[in-house]
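Data first, discussion second: the structure below is written as structure tokens.
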Amino acid sequence: MKIASYNINGINGRLASLLAWLEETAPDVVCLQELKTEDAKFPRAALRKAGYGAAVCGQRAYNGVAILTKGAEPIVTRRALPGDAQDKASRYLEAAVKGILIACIYAPNGNPQPGPRFDYKLAWLERLNAHAAALWASDVPVLLVGDFNVVPTDSDIYSAKSSWKDDALLQPASRAAFQRLIGQGWLDALRTLHPTEPIYTFWDYKRDAWRRNAGLRIDHFLLSRVLHERLVDGNVDVAARALEGSSDHAPVWLQLDEP
DNA sequence: ATGTCCTGGATACCAGGA
């Protein structure tokens with residue numbers, strides 16, 4: 001079972017390349033972030049034609065997450081992260097797919113920091129920690145996947161002394177929130193599979209970052225206990241980032257064994 | 001401070017977010 005995550009940065013503007021990528025890589029499940037479109041303008045028909053059912057939590061212009069499933073419809077279990085009824089941003093979608101509970105995550109960017117946007121990021125990650133603890137306790141196979149907007153350690157960026165050092169993605173409080181998740185027992189799948197090599201999932205459009213390989217690792221797969229032993233392989237599809245008109249993220253994928 | 005690219009609103013650029 002192949003599961004991918006892709007911050008697409010505008011699904012309608014990149015629909016043709018998304019469809020080509022789906023055909024080429026044929027993942028069983030795809031978690032998408034930054035759709036930047038409302039539900040009514042989500043390209044459901046084109047994806048269905050490509051063989052994918054979809055659950056969508058859209059929003060006009062900003063945010064937006066979706067879960068695609070090949071030859072099936074996701075069974076939605078949640079459309080929002082619990083803990084703040086006032087938070088209307090579309091950043092969380094949870095669905096049961098082929099025996100796994102999949103949480104598609106688009107955490108807040110949090111810049112500039114300090115400030116209210118950073119406070120919101122930390123509060124959101126705290127709510128994620130609380131909900132993740134409940135999911136962990138359920139003993140169900142769960143995958144927390146998506147754009148966490150956190151660079152977990154200095155090994156997850158081309159240079160921690162770069163212009164990114166004051167960015168919200170690298171701050172100790174952001175990292176502490178991510179580490180609290182890991183502390184619950186969740187497995188950082190990509191880092192586990194590739195313990196020492198650089199892994200990047202995002203290259204800024206600015207400063208010629210792709211050409212310089214000035215990347216950051218901010219898209220993550222976190223596996224609940226029963227999924228640890230099913231982890232077979234995983235990596236970043238860097239070729240997709242090299243294409244003309246690409247998102248600033250590359251897709252990340254995992255291969256899980258059958259139970 | 002800058003770099004670039006997305007979306008959407010009232011235009012043939014700008015605001016806001018990343």
Side-chain angles (χ1 to χ4, degrees), chain A residues 5-21 31-44 46 56-66 81 86-93 104-125 128 145-152 156-171 173-175 177-178 200-220 236 238 240-252:
Chain A
S5 179
Y6 196 0
N7 179 321
I8 191 78
N9 189 19
I11 191 169
N12 287 315
R14 291 186 227 281
L15 181 59
S17 52
L18 174 64
L19 293 171
W21 175 80
C31 293
L32 295 171
Q33 302 87 31
E34 283 207 82
L35 302 174
K36 297 188 174 179
T37 192
E38 55 204 314
D39 290 9
K41 291 181 181 168
F42 181 83
R44 187 175 286 281
V56 186
C57 194
Q59 184 178 339
R60 193 176 63 178
Y62 308 115
N63 310 320
V65 287
L81 187 61
Q86 304 306 308
D87 184 2
K88 302 298 184 196
S90 296
R91 298 182 176 277
Y92 187 90
L93 178 61
C104 180
I105 285 163
Y106 176 53
N109 172 291
N111 282 303
Q113 74 80 30
R117 305 181 65 87
F118 190 60
D119 296 341
Y120 169 59
K121 178 194 187 99
L122 297 181
W124 198 94
L125 291 172
L128 179 61
V145 52
D147 180 358
F148 287 66
N149 265 316
V150 177
V151 174
D156 298 306
I157 183 167
Y158 68 103
S159 165
K161 298 192 186 80
S162 63
S163 55
W164 288 97
K165 69 176 163 47
D166 295 324
D167 194 279
L169 279 57
L170 276 74
Q171 295 315 298
S174 307
R175 289 176 164 180
F178 187 82
Y200 305 139
T201 67
F202 165 88
W203 295 260
D204 204 324
Y205 289 125
K206 298 175 231 176
R207 307 183 199 98
D208 210 11
W210 169 249
R211 193 192 54 76
R212 297 188 294 124
N213 194 27
L216 287 67
R217 186 172 79 99
I218 57 176
D219 299 272
H220 306 296
V236 183
V238 290
R241 179 63 180 86
L243 297 176
E244 188 72 27
S246 161
S247 165
D248 41 6
H249 294 247
V252 185

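Below, chain A is the first sequence line, B the second, and so on; all start at residue 1. Everything quoted here is computed from the prediction, not taken from an experiment.
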Worksheet item: How would you label the contact of Arg212(A) with the nucleic acid (heavy atoms, under 4.0 Å): base, sugar-phosphate, or nothing?
Response: nothing
Discussion item. When the P atoms of dA15(B) and dA10(B) are compared, how many Å lie between them, rounded to an integer?
Written reply: 14 Å
Discussion item. Taking only the P atom of each, what is the distance from dC5(B) to dA1(B) in whole angstrom?
Written reply: 22 Å
Worksheet item: Over how many whole Å does the gap from Asn9(A) atom CG to dG17(B) atom P extend?
Response: 15 Å
Item to complete: Spell out, as yes or no, whether a donor-acceptor pair under 3.5 Å connects the side chain of Lys121(A) to the backbone of Gln113(A).
Response: no
Practice prompt. Look at the side chain of Arg207(A) and decide which nucleotide, out of dT2(B), dA18(B), dC6(B), has an atom nearest to it.
Written response: dT2(B)
Practice prompt. May I ask you to evaluate whether Arg14(A) reaches the phosphate of dC5(B), defined as a side-chain N or O under 4.0 Å from OP1 or OP2?
Written response: no
Discussion item. Quick check on dG16(B): is either OP1 or OP2 less than 4.0 Å from any side-chain nitrogen or oxygen of Arg60(A)?
Written reply: no
Response to the item:
In whole angstroms, the gap separating C1' of dG16(B) from CG of Asn109(A) amounts to 12 Å
Discussion item. In this structure, how many angstroms lie between the C1' atom of dG16(B) and the CG atom of Asn111(A), rounded?
Written reply: 14 Å
Worksheet item: Taking the side chain of Tyr62(A) as its heavy atoms from C-beta onward, which of dG16(B), dG3(B), dA18(B) lies nearest to it?
Response: dG16(B)
Discussion item. Whole angstroms only, please: what is the CG-P distance between Asn12(A) and dT7(B)?
Written reply: 7 Å
Discussion item. In this structure, how many angstroms lie between the C1' atom of dT4(B) and the OH atom of Tyr205(A), rounded?
Written reply: 8 Å
Worksheet item: Does Ala214(A) offer a backbone N or O that forms a donor-acceptor pair with the side chain of Tyr200(A) under 3.5 Å?
Response: no
Worksheet item: How long is the line joining CH2 of Trp164(A) and P of dA18(B), in whole Å?
Response: 12 Å
Item to complete: Rounded to the nearest angstrom, tell me the gap between atom CG in Asp248(A) and atom P in dC6(B).
Response: 9 Å
Worksheet item: Heavy atoms under 4.0 Å, any strand shown: does Tyr106(A) hit a base, just sugar-phosphate, or nothing?
Response: sugar-phosphate
Fill in: Interatomic distance, Asn63(A) CG vs dG16(B) C1' [rounded to whole Å]
12 Å
Practice prompt. Can you label the angle between the Phe178(A) ring and the His220(A) ring as parallel, tilted or perpendicular, going by 30° and 60°?
Written response: tilted
Discussion item. Tell me if a side-chain donor or acceptor on Asp39(A) pairs with a main-chain N or O of Gly58(A) at a distance below 3.5 Å.
Written reply: yes
Fill in: Check: Arg60(A) side chain, Lys36(A) main-chain N or O, donor-acceptor pair, under 3.5 Å
no
